[in-house]
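For reference, the structure discussed in these notes is given below.
None of these values were measured; they are calculated from a predicted model.
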Amino acid sequence: MADLSNLAGLGSEPSGQIDSSVSSASNRSLRLAEKEKRKGEADPFGLAVKYLSQVEAGTVVRGNDELERNMVRVETVALSKGLPPEVITVLLDLALSLNAGTANCTRVLKFLIPATVVPQEAIVKGVSWLCVGKMPMNAQVLFVRWVLTVFDLIDCKDDLRSIYGFIFSFVTEENLCPFICHLLYLLTMREHGELMTKWFNFFGRQPFLTQLLALYKVFRPDLVTLSLPSRVRTGFKNHNSTWKVALSAVQRKNKGAVLVDQSLSLDVKEKPSSRKRKLHHLAIPPLTSAFDSNSSKKVLRLQELRSFKELLENIHNIELPAQMGSLLGSALALHYLDCVQDESAFLRLNFWLGHSLQEEFLLCPVDGSSDNTSEACRFLSTILFSQQFLQEGFSSTESFLYKFLSVWDGCLLRPQILDLLSDIPLMPSFYMHKLLFEPLKQLYFTSTVFFKCSVIECLNSMLVKWLTWHSVSASEGGLDISLNSNSSMTMTLSGFMDSVMELVRFVGLLASEGLRLESCHVLLLNQTLAFYETVCDMFLKFSLPLIIMPPAGVFYPALFATDSVSVDRLGYIMYRYRKNLTLAKKQEQQREQTFHISRNTYKEFNRNLQAMVNSMWNSWWCVPGSDIEIDKDLIALSKVAEPWCRFDLIHHPALFSYAIEFHQRTGKYWNWYMEFLFNQGFYGLNNFIQTNTGHGSTLNSQEDGQPKSQP
Amino acid sequence: MFKSSSCFIFFWLGVFLFIMEGRGSAVNTPASRPVTRRSKSYGRSCVEAPSYFWQTPGHLAVLKIPNSRGTAKSQTITNKVDPEHIALLVKNEWKLSYITPLHHFRHTRLKSYSKHLSAFIVAEKQQGVAVEVGLEAGFKVTFSAVLGLAETDEDAETVFIQIQSKPVFAAVADAPKVVWRGWLTCVNGDLEYLRSLPPDFVSLPLFCTSGPESLTTLVKSWFERVFDCNFGCLALNSTTLNWLTALWTGCHPTCNIRHLKLAWSLPTQPPLDVSYTVNPQDAWELWNSIHPEESTDDRIDIQEVQSFINGLEAHFFRHFKIFLSAGTLVKVSTALGSAHVDGKIKIGNSDYITTLLTLLTECALLKMPA
């Protein structure tokens with residue numbers, strides 16, 4: 001045991017080992033003390049509170065660095081996280097007893113921000129300090145104001161009510177009177193009726209007195225004989241200015257922490273804090289039961305569910321909440337939403353969501369203040385989360401997006417809007433132009449290159465979602481795809497293919513024009529190639545019998561790119577195209593499928609392949625009759641030596657640096673160079689060269705079978 | 001439609017110009033958003049082909065915002081509707097909101113709604129007050145159905161809500177005072193839209209309120225919680241105000257409109273408010289020259305309305321060299337009623353209430369989210 005404790009960190013103390021007579025019990029206590037000590041070290045706040053609790057009357061304050069240091073420590077925690085109840089008691093006692101001096105009394109009161117609740121006994125004790133009468137007046141006022149501020153946070157008010165008389169006695173104090181009246185007003189119960197009248201004439205009609213008196217009159221009209229105006233303006237002012245900002249900050253923070261804790265369980269949220277805001281449409285409503293919820297039937301309310309297991313066991317008797325929007329507030333409720341079949345329920349959800357989005361983004365101009373945007377951002381993120389969770393977009397989000405795209409500046413909440421856009425489900429190609437492509441095109445061509453990248457990325461993700469959906473529903477049944485898990489609406493395979501074709505063509509247009517405008521910006525080129533990585537594999541990966549080649553405006557910039565990544569990606573894409581086309585041809589010959597890939601696609605592929613192989617492999621760059629035929633004289637003007645081999649594997653601007661490096665390592669043989677090149681991670685090029693020329697490294701050769709003849 | 005300027009035979013009664021500085025920002029006329037509406041519903045994913053049609057902005061404007069409507073017809077509404085109810089609607093200035101369809105609303109349960117709403121208001125009002133003030137601080141809410149305002153079978157009957165309160169510090173003898181009024185209505189709502197709703201929804205798209213904002217907020221949040229609906233401000237765009245100007249002017253022969261008052265706000269620096277009062281007879285003659293009374297077709301075309309407003313504006317320009325069309329029409333008022341661009345109306349004459357409510361119902365339905 002002694003050894004164990006040594007291992008646990010007591011090694012520095014030799015006594016533990018030497019003194020064998022120490023009993024195991026005392027050894028343990030030693031360990032505990034040590035542990036305590038270390039815990040204390042780890043928790044400077046606890047130590048500081050402990051120190052402050054031991055400050056005695058008559059402690060020197062001026063120049064007391066230790067006191068100051070501990071005070072600062074507690075103050076920092078108080079203002080950032082708030083103080084736990086027991087610390088409030090300690091500090092209030094320290095302050096009001098004036099043990100740490102008068103200046104520190106007000107200082108402590110000012111940072112006395114409760115994290116959760118204020119224990120009642122702290123206040124009672126405080127009032128008793130008030131009765132001692134040592135405190136200066138401004139400290140007394142500050143104390144009562146503080147009590148008023150945290151009044152709603154006091155855990156229980158019984159004892160306070162029982163010292164009502166003591167509190168009441170301070171009414172005679174001229175400066176304290178308004179605050180005391182307010183406090184009494186908050187504390188007054190029916191039985192406190194008698195005390196007040198006699199003071200009234202003494203002070204005259206101060207508004208705060210009138211207010212308190214009016215309350216007395218309600219309870220005991222027989223005792224308060226004075227006539228009071230029937231409509232009394234609120235006579236109490238807010239006294240919370242000193243603490244307001246800090247208190248609300250701490251409360252917001254703590255609430256956030258609690259919400260994070262129960263991410264899966266249902267957040268039965270408190271009233272949205274933005275209630276005061278006139279436009280409160282961005283708050284997700286709390287889960288509540290419906291107005292006419294049938295109490296006789298044994299149903300379970302969603303807000304009563306605590307775990308996924310409970311949800312599964314009760315899935316048939318769960319009652320829908322009063323507001324469908326509240327389902328978006330918790331992951332557990334989303335699980336339930338996934339099982340809901342009720343048409344009206346979706347309609348309610350869509351009305352709510354559509355209304356919220358419309359009010360925030362379409363009808364009310366966004367004032368651009370950061371607060372507003374962050375709220376909107378949170379809201380959109382919640383929707384996004386829900387949609388990703390359900391793997392389906394809400395129809396009201398979709399129709400909102402169609403309207404919003406035409407007024408969007410392309411800037412406001414861009415990541416969220418584009419993410420939502422990528423969730424748009426498949427739609428007939430006829431509508432795509434009007435609703436999606438036209439507004440998007442305008443934004444695309446008038447925005448920065450980064451926006452262009454985001455748009456291509458977004459459309460890529462949209463395409464992937466459509467294809468995944470197709471491959472799932474196609475495997476479920478037949479060629480017709482159910483457009484919607486709940487309706488009978490279907491779309492024919494050819495309709496689906498039309499839509500996909502439109503989308504791919506549209507991106508082809510955006511990409512080639514964009515690349516031209518941005519002079520082949522490398523990021524844009526890579527986003528574009530990422531899109532074509534999805535496109536080239538549609539047949540093999542998603543069993544969609546559709547093969548679309550990239551336009552020249554994409555192919556050639558990638559082929560002649562100056563960065564090796566793009567060239568490598570293009571190699572991979574061409575390799576995948578070849579695989580897809582080979583399989584398609586094979587199936588067509590075997591008459592397994594009725595589809596038909598047009599001759600033009602093969603032609604286009606072969607032309608691209610030829611261009612690529614010629615320029616990279618055969619050093620035979622400018623083939624007459626190809627897409628990029630350039631007049632010989634024109635090239636001669638450029639005075640480039642041996643122009644035909646400028647884009648082969650050695651001289652290609654993207655690979656030239658590798659060739660130099662290889663050369664410096666005294667490499668000579670072509671095959672060694674290939675090996676070297678492919679060892680740099682150019683798997684796409686490797687695959688491409690290997691399938692199309694039969695050459696290449698042995699790195700991945702087992703994967704793609706026998707070499708194919710050159711086209 | 002009217003050939004030359006010689007047909008401006010009316011004279012203007014008075015034009016008041018005044019300039020107000022430091023005024024609140026001019027009210028933006030919200031561009032009328034196309035409705036998107038689905039003829040049926042909708043899983044969480046989209047879609048039925050027709051619904052795209054609704055969503056197409058170009059189509060929609062043409063399709064949904066009517067280009068012509070019937071002339072305002074006087075009907076003695078008190079034959080159909082309880083005169084006491086009508087009296088309640090006519091007195092006040094109403095602030096307009098639109099409201100999405102109510103889920104599980106039943107006209108048979110108005111009594112329990114009354115109880116529930118008053119309890120709700122009391123509970124909300126007492127929050128943060130540590131005293132138990134007892135029931136005398138209570139609010140009394142009354143829901144009642146105003147039967148007869150509905151025009152078609154699809155229109156739900158109008159619901160009127162009244163909140164009475166007795167202040168805490170009031171004398172025993174004081175009678176409770178009406179502190180808030182509001183009503184939900186639907187008159188001549190678009191049939192296709194109303195029929196497309198599942199049976200457990202009731203559409204009462206127009207919500208008019210009069211009373212303190214705090215109570216309006218409470219009532220709205222109660223409705224939102226109980227019927228899972230949502231409210232939004234219903235601002236009246238200039239097209240709507242133009243329609244009202246023409247419709248009301250057209251009533252002059254049958255019912256004296258007394259005056260036609262129009263207010264414009266011009267985006268100058270400082271902003272310029274123009275108040276333009278036209279003699280009712282002159283206004284009517286201009287209108288009659290555009291839309292002859294004896295025309296067999298009792299429908300009014302949007303072009304006629306536009307010509308009418310253009311005529312009024314042109315006349316103003318001749319005198320003051322100010323293009324009113326550069327500004328926004330913010331208010332129109334006659335003896336039959338008034339309407340403000342902010343979404344505030346007053347009903348002056350109950351006989352033309354149906355025309356007004358039809359127009360407003362249409363505006364509210366156009367705001368419905370998809």
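By the 4.5 Å heavy-atom criterion applied to side chains, P369(B) and F351(A) are counted as neighbours. Residues S344(A) and H103(B) form a side-chain contact, since some pair of their non-hydrogen atoms from C-beta on lies under 4.5 Å apart.
Between atom SG of residue C233(B) and atom CD of residue E359(A) there is a gap of 7.0 Å, rounded to the nearest 0.5 Å.
Pairing each heavy atom of N230(B) with each of W352(A), the nearest pair is OD1-CA, 3.3 Å.
Around atom CD of Q442(A), no more than 12 heavy atoms belonging to other residues, nucleotides or ligands sit under 6.0 Å away. For Q164(B), the CD atom counts as densely surrounded, since its 6.0 Å shell holds more than 12 non-hydrogen atoms of other residues, nucleotides or ligands.
D423(A) is linked by a side-chain hydrogen bond (donor to acceptor under 3.5 Å, both in side chains) to Q387(A), K465(A), counting only residues two or more places apart in sequence or in another chain.
Contacts of F201(B) with chain A are made by side-chain atoms alone, with heavy-atom separations under 4.5 Å and no backbone atom involved.
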Next item on the list: Show your working on side-chain contact (heavy atoms from CB on, under 4.5 Å) between H355(A) and Y98(B) and close with a plain yes or no.
Entry: CA-CA 11 Å; H355(A) 169 267; Y98(B) 71 87; 3.3 Å; yes
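For residues 348-358 of chain A, the salt bridge (Lys or Arg N to Asp or Glu O under 4.0 Å) pairs, not counting sequence neighbours, are R348(A)-D228(B).
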